[in-house]
Number of protein chains: 2
Amino acid sequence: MRDVARLAGVSVATASKALNGQPQVRASTRERVMQAASQLDFSPNTHAQALITQRTGTVGLLTSDLEGRFSIPILMGAEDAFGTDQTSVFLCDARGDSIRERHHLRALLSRRVDGLIVVGARPDSRPSLGRDLPVPVIYAYAPSEDPADLSLVSDNEGGGRLAVDHLIRCGRRRIAHITGDATYGAAQDRARGAVDRLAEEGLEVAGGEVWFGMWSEAWGRGATRMLLERCPDVDAIFAGSDEIARGVVDVLHEERLDVPGQVAVIGYDNWTILGANARPPLTTIDLNLEQLGRVAAQRLFAAIGGTLGSGVEKFPGKLVTRESTAPLR
Amino acid sequence: MRDVARLAGVSVATASKALNGQPQVRASTRERVMQAASQLDFSPNTHAQALITQRTGTVGLLTSDLEGRFSIPILMGAEDAFGTDQTSVFLCDARGDSIRERHHLRALLSRRVDGLIVVGARPDSRPSLGRDLPVPVIYAYAPSEDPADLSLVSDNEGGGRLAVDHLIRCGRRRIAHITGDATYGAAQDRARGAVDRLAEEGLEVAGGEVWFGMWSEAWGRGATRMLLERCPDVDAIFAGSDEIARGVVDVLHEERLDVPGQVAVIGYDNWTILGANARPPLTTIDLNLEQLGRVAAQRLFAAIGGTLGSGVEKFPGKLVTRESTAPLR
DNA sequence: TTGTAGGCGTTATCAG
DNA sequence: CTGATAACGCCTACAA
């Protein structure tokens with residue numbers, strides 16, 4: 001910056017003020033400084049700035065979600081809420097290892113990040129990073145076990161309702177639910193939402209039970225076969241994930257059942273690579289993770305000075321309509 | 001650090017030396033300082049360190065690969081080559097927008113990253129960031145257009161050979177190749193590798209041509225139907241991506257052809273969610289992106305002082321055997 | 001409106 | 001072996 005100042009014929013202090021848009025500098029002076037800066041391709045050293053202002057304009061995103069399936073949308077939401085030139089994000093993957101997580105945490109604190117977003121590997125509650133960290137922390141996707149922390153999660157119960165509601169609007173009455181691992185809170189919540197919505201309509205889940213199993217295509221296939229045996233006249237299947245839904249439509253095809261003519265299918269997650277390529281493309285519930293990321297960023301930003309609040313905030317999912325559902329003729 | 005020094009009863013300078021493992025400090029003194037530090041939960045301010053050492057221990061990963069399909073493995077490779085506590089990575093997604101890319105670049109330079117890894121959206125060459133950046137830059141996955149830059153890419157021609165070689169070893173002779181968009185260099189390279197390897201065996205590609213089309217399941221299905229019509233006795237299909245491979249096995253099923261009993265199928269990319277869930281699970285070529293990331297990190301590290309070299313380095317893919325290929329009985 | 005001076009938290013260079 | 005002291009690059013009272 002010394003060079004810029006010299007080139008503009010002012011002192012370093014004035015150059016700084018000019019560059020930072022402080023009002024107490026003559027327009028012509030500012031102009032000269034700006035010119036000099038761009039001529040020298042000057043870019044301020046953020047570390048020096050951080051030292052003075054105690055703000056780094058960086059945020060840590062600590063994830064355990066190997067494939068980046070959930071972290072990436074959250075990252076992107078956060079990125080555009082912060083604004084490209086305001087805040088940069090450190091992405092760290094702990095790979096499900098709590099030792100590694102502590103390491104990353106130390107590193108991030110050493111780098112004096114202004115805040116932390118923690119994204120768990122699965123949508124169940126996870127251990128808190130602790131109460132007395134020097135920066136605000138937001139848990140996204142997977143809530144913290146500690147109710148004193150602030151967590152932002154997707155509303156799975158609402159999503160389940162949404163899915164079933166859509167199927168009902170399509171005129172379906174014999175609606176089954178095939179979903180993943182019963183030990184996942186998300187599976188339970190989605191199922192509860194689905195069952196509740198059915199009950200409001202005076203309906204029970206087709207096949208007499210929710211089919212819990214695994215988050216895989218293979219389970220989607222197996223469960224569908226069992227379901228068809230027990231309940232051959234099912235007219236809609238709500239799958240707990242897009243993977244499962246892929247398995248479901250696969251078997252429906254094998255059985256020469258038309259989708260959505262005879263059986264409508266709806267997935268969950270909006271994992272585009274799976275859903276949009278399916279035959280037919282899958283209607284699904286989008287988790288709205290970008291929004292989660294955006295809100296996380298806003299909350300973090302707002303909390304820089306003050307405090308963060310606590311508890312678990314739920315965000316509604318979003319129905320994405322493709323061709324695997326349609327009104328009955 | 002002042003507090004640490006005080007608590008240990010030494011000067012700030014000595015505390016610094018003790019903490020940084022400098023030899024010129026008595027063991028007992030070091031011990032006291034370390035204790036004080038951990039007692040106060042001290043973590044050094046990296047910005048102050050950066051200011052003085054001119055090294056930040058950060059790297060920018062600039063990507064345009066929305067879904068993180070390619071960036072994430074590269075990031076992970078880089079992360080573990082750097083070592084968790086040595087270097088942190090800024091992940092920036094330019095979303096295919098060159099304006100946004102410039103913004104991110106400015107921000108990263110302002111943050112004085114020690115180096116840059118650029119990951120393109122598709123495996124064809126992309127514009128260079130420029131020759132006179134103040135930090136070393138490595139292009140990964142997608143090479144730079146400027147031969148003066150250093151690029152690390154996956155060897156698609158070799159991958160094509162690898163795939164066909166495997167099919168030949170399985171005793172297949174009538175081998176077809178269905179792949180994606182012909183405007184992709186990767187598609188051309190993989191095809192060339194495949195055709196060459198076939199030629200070495202005195203074979204031609206089954207169906208008389210390589211089927212270029214799109215990187216989608218739908219194209220995989222369509223092309224397979226056409227192929228079967230023209231060449232019903234095909235005994236192996238090399239798909240240019242796992243997506244395409246999914247479409248291929250789908251239609252083979254429809255036609256009651258056993259995979260791999262009658263037709264072996266091999267994909268490309270090792271996109272686990274697609275390949276491992278397929279029926280049967282897909283043999284495929286892994287791009288080895290983690291290795292790319294690791295090597296990028298090492299080169300960057302080595303280049304901090306000196307210079308980087310230039311040109312395009314190719315990395316071999318890796319055969320991942322699952323159940324969609326097997327020797328002919 | 002502009003310039004001077006002090007300091008942010010470290011490390012490095014010297015003297016002791 | 002330890003401790004002053006001067007940077008590193010910038011911001012910000014305060015003085016001119």
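Reckoned from all heavy atoms, side chains included, excluding hydrogens, waters and symmetry mates. Throughout, a chain's letter reflects where its sequence line sits, starting with A, and its residues are numbered from 1.
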Exercise. Does some side-chain heavy atom of A:H104 sit less than 4.5 Å from a side-chain heavy atom of A:R100?
Worked result: yes
Protein N or O to nucleotides 14-16 of chain D N or O, pairs below 3.5 Å:
none

Exercise. Is a salt bridge present between B:R126 and B:E101, judged by a nitrogen-to-oxygen distance below 4.0 Å?
Worked result: yes
Problem set entry | Nearest-neighbour nucleotide for the B:S11 side chain, D:dG3, C:dT4, C:dT10 considered | D:dG3
Exercise. So, A:T46 side chain and B:S110 main chain: donor-acceptor pair closer than 3.5 Å or not?
Worked result: yes
Seminar exercise, completed: B:L109 CG to D:dG9 P, in whole Å, measures 16 Å
Problem set entry | salt bridge (charged side-chain N to carboxylate O under 4.0 Å, His left out) involving B:R6 - partner list, sequence neighbours excluded | B:D3
Problem set entry | Protein-nucleotide distance (A:Q22, atom CD; D:dA13, atom C1'), rounded to Å | 11 Å
Exercise. Taking NZ, NE, NH1 and NH2 as the nitrogens, is one of them in A:D189 or A:K314 under 4.0 Å from a carboxylate oxygen of the other?
Worked result: no
For this session: Among the candidates C:dT10, C:dT4, D:dG3, find the nucleotide nearest to the side-chain atoms of A:R112.
Result: C:dT10
Exercise. Is the distance from OP1 or OP2 of D:dG3 to the nearest side-chain N or O of B:T14 less than 4.0 Å?
Worked result: yes
For this session: Please tell me if the side chains of B:H47 and B:L51 come closer than 4.5 Å, counting only heavy atoms from C-beta onward.
Result: no
Exercise. Atom CZ of A:R30 and atom P of C:dT1: how far apart are they, to the nearest Å?
Worked result: 10 Å
Problem set entry | Touch class at under 4.0 angstrom, heavy-atom based, for A:M1 against every strand present | sugar-phosphate
For this session: Inspect the contact between B:D124 and B:R122 and indicate whether a charged nitrogen and a carboxylate oxygen are less than 4.0 angstrom apart.
Result: yes
For this session: For the pair B:Y139 (side chain) and B:L129 (backbone), establish whether a donor and an acceptor sit closer than 3.5 Å, ignoring hydrogens and angles.
Result: yes
Exercise. Base, sugar-phosphate, or nothing: which does B:V10 touch, judged by heavy atoms less than 4.0 Å apart?
Worked result: sugar-phosphate
Exercise. Heavy atom of residues 36-60 of chain B under 4.0 Å from DNA chain C: which residues?
Worked result: B:F42, B:S43, B:P44, B:N45, B:A48, B:Q49, B:I52
Exercise. Please give, in whole Å, the distance from D:dG9 C1' to A:L19 CG?
Worked result: 13 Å
For this session: Under the side-chain hydrogen bond (donor to acceptor under 3.5 Å, both in side chains) rule, what do B:T58 and B:R112 come out as? Steps first, then yes or no, please.
Result: CA-CA 8 Å; B:T58 60; B:R112 300 295 190 270; over 6 Å; no
Exercise. Rounded to the nearest Å, what distance is computed from the CZ atom of residue A:R2 to the P atom of nucleotide D:dA7?
Worked result: 11 Å
